[in-house]
Amino acid sequence: MREIKAEIIHGDCVNVLSEYSDNMFDLIVTSPPYADKRKNTYGGMAPDKYVEWFLPRSEQFLRVLKPTGTFILNIKEKAENGERHTFVLELILALRKQGWLWTEEFIWHKKNCYPGKWPNRFRDAWERCLQFNKTRHFKMNQKAVMVPMGDWANARLKSLGKNDVVRFDSQVRSGFGKNIANWVGREKAYPTNVLHLATECSNKEHSAAFPEALPEWFIKLFTDEGDTVLDPFVGSGTTCAVAQRMRRNSVGIEILAEYCGLAKEDIAVGDYQLFEKGGRNARRNGSKNH
Ligand SMILES: C[S@@+](CC[C@H](N)C(=O)[O-])C[C@H]1O[C@@H](n2cnc3c(N)ncnc32)[C@H](O)[C@@H]1O
């Protein structure tokens, strides 16, 4: 079996990546520090300065990503003075100018988001996962993320009259996939661009850790075994731990030494132990009880 490498590097990703050659990575999946967030843990920059801060880093991402690769950016703008800030929208436009294609936007619906009350809005239950690519011909294993068709198929699809199907078909001038009649009786469907995932709510020692299912989904969709994944803001190392379990090589970069230590713990434990113990949180909880 081919050896799988996982590496956690301490430093600012802009400097660390400047040492890497072009076109090294198949997937970049990351959640950077959000503007003005978490000032007490790992800094945070003013929303107005965010694009300026991000662009030198994304320039490196663009250089080290393979032409067939994908960049997934998990980010969400907060509300300020009663309005949503526009820095994410500005960032999208700036990234396009930098040479990225903005190919898709996935919504991460946080299934278990906690209740709250604000004077002029409801609780925030979703974040963006923006997809950027270098070319239109990127690797995408759509079959790897198919989902059970579910009961709605019987009720909704089978009740379509012949005319409905024909009308639908002629409206969209579709190929096989867009013609709903072709999906009747099938067990699996392709997912939508909304991911319904719980946030990580166990006692991980990083305040903004990914749920493992988030990088897992994108790794399945955009890479094959043996490919190489980069998380330039790796925090507690979720992306690398998951990549290792899925037999993908990975590099994680983290500016704070304490998080690097945390991330390295999981990498050292390795894939089989993580599986056996029910994931990294189970292992951490277990070790705390002893
Ligand atoms: C939102 S957290 C990522 C959490 C991660 N997804 C996880 O599962 O633990 C962002 C991380 O980026 C790190 N960071 C901030 N600026 C950085 C930089 N310039 N280079 C590398 N890491 C940085 C922060 O210390 C923080 O741990």
Original post:
Are any non-hydrogen side-chain atoms of E254 and F233 less than 4.5 angstrom apart?
Top reply: no
Subject >> L95 and L55, any side-chain heavy atoms less than 4.5 Å apart >> reply: yes
**OP:** Would you mind reporting whether D124 and K76 have side-chain heavy atoms less than 4.5 Å apart?
**Re:** yes
Subject >> Verdict with reasoning, F87 to I75, per side-chain contact (heavy atoms from CB on, under 4.5 Å) >> reply: CA-CA 10 Å; F87 79 91; I75 197 161; 4.0 Å; yes
Original post:
Does a side-chain heavy-atom distance below 4.5 Å link R186 with M149?
Top reply: yes
**OP:** Indicate whether the side chain of N133 and that of K139 have a donor and an acceptor atom separated by less than 3.5 Å.
**Re:** no
**OP:** Measure the CG-CD1 distance between D227 and I4 for me, rounded to the nearest 0.5 Å.
**Re:** 9.0 Å
**OP:** Any chance you could measure E80, atom CD, to D48, atom CG, to the nearest 0.5 Å?
**Re:** 7.5 Å
**OP:** State, yes or no, whether a side-chain contact exists between L27 and I219 at a heavy-atom distance under 4.5 Å.
**Re:** yes
Original post:
Can Y34 and E127 be counted as having a side-chain donor-acceptor contact under 3.5 angstrom?
Top reply: yes
**OP:** Run the salt-bridge test on D12 and R57 with the 4.0 Å N-O cut-off and return the result as yes or no.
**Re:** yes
Subject >> Passing candidate, side chain to side chain contact (heavy atoms under 4.5 Å, CB included) with E105, options L130, L73, N193 >> reply: L130
Original post:
So, R63 and Q60: side-chain donor and acceptor under 3.5 Å apart, yes or no?
Top reply: yes
Subject >> Euclidean distance, N112 CG relative to T199 OG1, rounded to 0.5 Å >> reply: 3.5 Å
Subject >> Co-membership, hydrophobic cluster, residues I253 and V14, 4.5 Å side-chain >> reply: no
**OP:** Check whether any side-chain heavy atom of L195 sits under 4.5 Å from a side-chain heavy atom of H109, and report yes or no.
**Re:** no
**OP:** Would you please indicate if the ring centroids of F106 and F218 are separated by under 6.0 Å?
**Re:** yes
Original post:
If you draw a 6.0 Å radius around CZ in R123, do more than 12 non-hydrogen atoms from other residues or ligands fall strictly inside?
Top reply: yes
Original post:
Going by an N to O cut-off under 4.0 Å, is there a salt bridge joining D266 and R245?
Top reply: no
Original post:
Would you say L101 and F132 are hydrophobically clustered, going by side-chain heavy atoms of ILVMFWY under 4.5 Å?
Top reply: no
Original post:
Is E225 paired with R248 through a side-chain N to carboxylate O contact shorter than 4.0 Å?
Top reply: no
Original post:
From L221 CG over to E216 CD, what is the distance, rounded to the nearest 0.5 angstrom?
Top reply: 12.5 Å
Subject >> Linked, directly or transitively: F210 and I107 (ILVMFWY side chains, under 4.5 Å) >> reply: no
**OP:** Would you kindly check if the NZ (Lys) or CZ (Arg) of K134 is within the cone defined by 45 degrees around the ring axis of W100 and under 6.0 Å from the six-membered ring centre?
**Re:** no
Subject >> Heavy-atom side-chain proximity of K66 to F25 below 4.5 angstrom >> reply: no
